[in-house]
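Report on the structure given below.
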Amino acid sequence: MPYDIEWMREMESRIPHGEVRTRFAPSPTGYMHVGNLRTALYTWLIARSMGGKFILRIEDTDQGRLVEGAVDVIYKTLEQCGLDHDEGPDVGGPVAPYVQTERRGFYKEYAELLIDRGAAYRCFCEKTESQEDSGDFGRGPDPCRSLTREEADRRAAAGEPYVIRQRMPEEGSTTFHDAVYGDITVKNSELEDQILIKSDGLPTYNFANVIDDHLMGITHVVRGAEYLSSAPKYNLLYRAFGWEVPTYVHCSSVMVTDSATGNARKMSKRHGDPSYEDLVAEGYLTPAIVNYVALLGWSPGGEREIYSLRELAEIFDISGVSKSPAVFDINKLTYFNAEYIRALPPEKFAKLSEPYIRKGAGEAKIDIAAVAALLQPRTEKLSDIPEKVDFFGALPEYPPELFIHKKSKTDIPGSLATLQKLRPILEGLEVWDNEHILAALEGHAAAEGVKNAKVMWPLRIALAGKAVTPGGAVEIACILGRAESLRRIDIAITKIS
């Protein structure tokens, strides 16, 4: 079954040279888990730090695992994270198409070339669909390996279904170099004859990515350490074609501590670990997520931890990638997130927090910017906001015991007396703002010969019905307004009378 050598020459002529070219090649299977995001980020950082091109390729040959809308998730995630691509399905480029199923005619041609060179053969043994997708056939010789080329061609021409398998050397060893792990040597006898082309004519992942990486001029291949065992097979394919091997950058696994067992395990959505979308939904800022993920298995050196994406692109170096597994720590991410929230311009935080404030406070007539100003230094993640501000929307039911506070030296009778005296003072204020409210409260405390806290605590409980609030009595009263503040004071007086 012939291959088109002139077409292959034309494909070779399209390959860009003289620049660093990296690729992110996700399968559209739904969410973007943290490991995938890290691969995309490191791939982008290598390209940007070395003045190269970042290519997006969609690997959709495993049709059984495709999820509708998943490609849109990939585009959206990359865009939100600032990982712009120079070439891809949506922007085109010199080596289009960038979707594997749109390139399905390419792979059979190259598989036929390998058959002609004795590096692959047709296998007519029955295999399960899952085996074809994985390329795994277990150990043991394949009886089709000994078929003559003529017999295999005859059976294929007669319509017998077959797959094309890579013919592994039976003796010797294969050595490959990885930028992180160094030189690794594997005995060829340990390598099974993996599938290259499935019976439906589509390539397996292991074959398609080699063909596509070469034809797209990819110089650096970033992927998880779980693919280290496949690297010798890739090298043998490159060698069979006579192609230059790209730089491999295998990244260690992202681990998490299992809450049930306390043991470390690989991070996985299957176990309920959060994806990028989950983290955003939980109120983490994308720049904080990106910054934290960049440090999951890579170190810039020194004590500094907070970097913008632009700064990461300037300092990223492959030598900083670690062999040791990285541990995803949600508390550390929360720390990063709080730092990013505090660094936001107030107006930007107000805009980001408004939906969360409204979720908690409903349609209460409050100054969103004023509430946001209270929240910004006290917020670790946006999803915490609704619970913090729900009292602005409706005064919750609360027990009178909240007025008892040892540090402020308040009790129920004393709180009652304080509120009864404060009410006419607050009602009579000419101007209702922080400055005048504070002056009135401090003036009353001075007149009574007590510390400010003994006045502030009862008022804050009366206004919020909660012991922990963003901001104190003055700020809360100002935001609630005169009428609502007096109404809540009346409720408190009645409650503890």
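The model shown is predicted, which means the values in this text are computed figures rather than measured ones. Every heavy atom of this structure was used, including side-chain atoms; hydrogens, water molecules and symmetry mates were not.
Of the possible donor and acceptor atoms, none in the side chain of D116 sits under 3.5 Å from a partner among the backbone N and O of E112. In this structure, T469 contributes its side chain and G471 its backbone to a donor-acceptor pair below 3.5 Å. Judged by distance alone, with hydrogens and angles left aside, the side-chain atoms of H85 form no donor-acceptor pair with the main-chain N or O of G88 at under 3.5 Å. In this structure a side-chain-to-backbone donor-acceptor pair under 3.5 Å is present from W298 to D317. Using modelled atom types, one side-chain atom of R167 and one backbone atom of R145 make a donor-acceptor pair closer than 3.5 Å. D278 places a side-chain N or O within 3.5 Å of a backbone atom of S275 that can act as its donor or acceptor partner. In this structure a side-chain-to-backbone donor-acceptor pair under 3.5 Å is missing from Q80 to Y75.
Taking a cutoff of 4.0 Å between a charged side-chain nitrogen and a carboxylate oxygen, K233 and E192 qualify as a salt bridge. The residues E277 and K76 are annotated as not salt-bridged, no charged nitrogen and carboxylate oxygen being separated by less than 4.0 angstrom.
Between T29 and A70, the shortest heavy-atom distance links the atoms N-CB, 3.8 Å.
Residues H220 and T43 fail the side-chain proximity criterion, which asks for heavy atoms closer than 4.5 Å.
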Stepwise side chain to side chain contact (heavy atoms under 4.5 Å, CB included) check, K198 with I164: CA-CA 7 Å; K198 297 180 287 186; I164 298 179; over 6 Å; no
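Put simply, CD1 on I306 and OH on Y335 are 5.5 Å apart, with the number rounded to the nearest 0.5 Å. The CG atom of L191 sits 9.5 Å away from atom OG of S230, with the distance rounded to the nearest 0.5 Å. Atom CD of E380 and atom CG of N337 lie 8.5 Å apart (nearest 0.5 Å). Considering CD1 of I330 and OG1 of T257, their distance stands at 12.0 Å, rounded to 0.5 Å. Y107 contributes atom OH, which lies 9.0 Å from atom CD1 of I197 (distance to the nearest 0.5 angstrom).
Because its NZ or CZ atom is both nearer than 6.0 Å to the ring centre of F124 and within 45° of the ring axis, R155 counts as a cation-pi partner of that residue. Judged by a 6.0 Å distance limit and a 45° cone about the ring axis, R304 is positioned over the six-membered ring of Y307.
Ring to ring, F316 and Y42 are close: their centroids are under 6.0 angstrom apart.
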